[in-house]
Amino acid sequence: MSRAGLRNSNPNMHDKSNVIVLGGSYAGARAARVLAKELPSSHRVILIEKNSHMQHLYVLPRYLLLSGHDHKAFIPYNDLFTEFSHNSAEVIQARVDRITPTHIEITRLPSDTTDRIPYSHLIYALGSHLPSPLKGMHEEIVGSMKWMEEYRKKVSNARDIILVGGGALGIRDIAEIFPDKRLLPKYDPKMHELIYDRLRRLNVDVVAGQRVTITREGDGDAGTVTTADGRVSASGDLLITCTGQKYNSSLLSSLSPSSVHPSNDSVLVRDTLQLADEIFSNVYAVGDVADTGAPKTGNAGYWQAETAARNVIRSIREEAMVPYVMTPPIIKVSVGLRYRVTQQPDENGAVRVWDDEEGRDDLDAHLMWPLFGAKAVDILNG
Ligand SMILES: Cc1cc2nc3c(=O)[nH]c(=O)nc-3n(C[C@H](O)[C@H](O)[C@H](O)COP(=O)(O)OP(=O)(O)OC[C@H]3O[C@@H](n4cnc5c(N)ncnc54)[C@H](O)[C@@H]3O)c2cc1C
């Protein structure tokens, strides 16, 4: 798939101006769909994404342990714009190499041909670099599924698995070491209490409030983890690190160095989600990569994308823009196959945290498909 949803569109033709969205995940795809639905006919939307499909990250840690569901994690882009057929919209499978003040430079995949596309507005949604357990994912579905199968073999052959990092990814599904005194420190303390209690009951050794030194044995998967106070040192033949989120902002730092946070590399934005750098008022950033104060979740990125896309449309119509308003945090964490803990606001916005045993093996991956215009019928029927 290189041009899903292609419609009367040549991005280098000057009949329309291009609104380009970079990155087709939870945030970017939402922005692209809002634009496809509502852009005036003077503009077309182009989504640039290096993968042939959306990678549903939430379910991947589980699927790396449990076989039979991999195909549900990869959502094709073929129908991303189908329901907005009146508008000009296109997905280009390509890697973005450079952003200039007027163009983007890309390498189309899988052909490896290079191209330049002009833009009138740009939404930057390139997220974070994948955590190390997921580094082997491919740009095509078949390659990713093969890699997942190989990874599952490693997990089942490993005798001692050590997982470092107490965020949502670290907790999921597998001794546990994390630097904060509390798991998920950005969420309600009851989330920590319920998850911690469950991990203890599953005989998971939880080492809290410690930074660690990691020593790898050569280039392999084995390694040793030692806590800063030296009291805990553990070796494992499969050491998985789920620490240190790295924002994918380097392409923007070349365009506008002052837009990138000097210490954590997130992208500095105004409340309208335009870059803080006023020279580039036609460039917006959303999702994980944007410094909005919101938690780094797909849900927060989705709503930022909605705001940025609507502000692009407002700017084209010369209307006043609206600020991004942070939505209350929502998270669902599974510990084991059935048990899960959820934080979600009630109808008055008050924090609610509860646990249940209703989790499904595939973590209800099909619920994500319609958000990308895709029908989940095939995966539900096996
Ligand atoms: C394993 C895991 C599990 C998670 N579970 C949950 C959960 O249960 N609930 C929750 O709310 N959040 C969860 N999160 C966090 C959530 O996934 C992120 O907040 C979310 O992915 C951010 O979305 P995004 O669109 O900003 O960026 P990303 O999802 O990081 O997407 C960036 C996109 O840009 C593309 N891209 C990157 N560089 C280039 C380039 N040069 N050219 C072209 N394309 C490029 C990538 O392929 C990708 O599609 C999880 C994260 C991980 C890693």
Side-chain angles (χ1 to χ4, degrees), residues 20-32 46-65 73-75 77 91-99 104-109 123-135 137-140 144 163 165 167-173 184 186-187 240-252 254 266-267 273 285-292 294-305 308 327 329-334 340-344 359 363-365 367-368 371-372:
I20 297 184
V21 180
L22 304 182
S25 186
Y26 305 94
R30 178 61 193 158
I46 300 172
L47 174 67
I48 309 282
E49 166 57 53
K50 66 181 168 56
N51 294 332
S52 68
H53 54 276
M54 187 272 175
Q55 217 160 243
H56 183 15
L57 295 172
Y58 306 0
V59 299
L60 290 180
R62 163 72 58 88
Y63 294 5
L64 286 178
L65 304 178
F74 305 114
I75 310 176
Y77 288 119
V91 182
I92 298 180
Q93 188 186 353
R95 192 183 57 241
V96 189
D97 299 320
R98 186 160 171 255
I99 306 171
I104 58 161
E105 296 176 4
I106 58 170
T107 303
R108 289 177 184 266
L109 300 169
I123 299 185
Y124 190 95
L126 294 186
S128 312
H129 294 289
L130 286 178
S132 67
L134 297 176
K135 286 265 163 65
M137 299 303 276
H138 285 227
E139 283 148 4
E140 306 294 331
S144 293
L163 191 61
L169 173 57
I171 295 163
R172 291 240 171 95
D173 309 310
L184 298 179
K186 295 191 178 139
Y187 292 87
I240 304 170
T241 48
C242 304
T243 54
Q245 185 170 37
K246 289 204 175 64
Y247 303 122
N248 191 3
S249 58
S250 57
L251 290 169
L252 261 189
S254 318
S266 62
V267 175
L273 301 175
V286 295
D288 272 15
V289 76
D291 184 27
T292 60
K296 304 298 180 184
T297 63
N299 183 269
Y302 176 97
W303 290 110
Q304 289 156 24
T327 46
I330 296 178
I331 193 167
K332 187 172 280 179
V333 176
S334 52
R340 54 192 190 173
V341 185
T342 306
Q343 174 171 336
Q344 201 174 315
L363 296 168
D364 292 312
L367 297 177
M368 192 56 69
L371 297 184
F372 294 80

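Counting convention: from 1, in listed order, for ligands and their atoms alike.
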Look at the side chain of [X] and the backbone N and O of [Y], then say whether any donor-acceptor pair between them is shorter than 3.5 Å.
X	Y	value
Tyr77	Gly24	yes
Tyr58	Lys332	no
Asp291	Ser266	no

Leu57 side chain reached by Tyr26 side chain, heavy atoms, under 4.5 Å: yes
Gln55 and Leu134, any side-chain heavy atoms less than 4.5 Å apart: no
Glu49, Glu140, Glu139, Lys50 screened by side-chain hydrogen bond (donor to acceptor under 3.5 Å, both in side chains) with Gln93, the one that passes: Glu140
Using a strict 4.0 Å cut-off to heavy atoms of [X], name the atoms of ligand 1 that fall inside it.
X	result
Val96	40 (C), 41 (N), 42 (N), 43 (C)
Gly287	26 (O)
Ser128	30 (O)
Pro131	53 (C)

Polar atom proximity, Val289 to ligand 1 (N or O, under 3.5 Å): no
Short N or O distance, Lys296 and ligand 1, threshold 3.5 Å exclusive: yes
Of the backbone atoms (N, CA, C, O) and the side-chain heavy atoms from C-beta on, which set of [X] has a member under 4.0 Å from an atom of ligand 1: side chain, backbone, both, or neither?
X	value
Asn51	side chain
Ile330	neither
Ile331	neither
Ala27	both
Pro61	side chain

Best match, Tyr302, Tyr124, Tyr58: closest heavy atom to atom 12 (N) of ligand 1: Tyr58
For atom 38 (N) of ligand 1, the option (of Leu130, Asn248, Val59, Leu64) bearing the nearest heavy atom: Asn248
Ligand 1 contacted by [X] (non-hydrogen, < 4.0 Å):
X	answer
Ala94	yes
Leu134	yes
Leu126	yes

Non-hydrogen atoms of Pro295 and Ala300 that approach each other most closely: O-CB, 3.4 Å
Nearest atoms (heavy-atom pairs only) where Thr297 meets Asp288: N-OD1, 3.9 Å
Criterion side chain to side chain contact (heavy atoms under 4.5 Å, CB included) against Ile20, the qualifying member of Ile104, Ile106, Ile92, Ile123: Ile104
Side chain to side chain contact (heavy atoms under 4.5 Å, CB included), paired with Leu251, selected from Asp97, Leu22, Ile99: Ile99
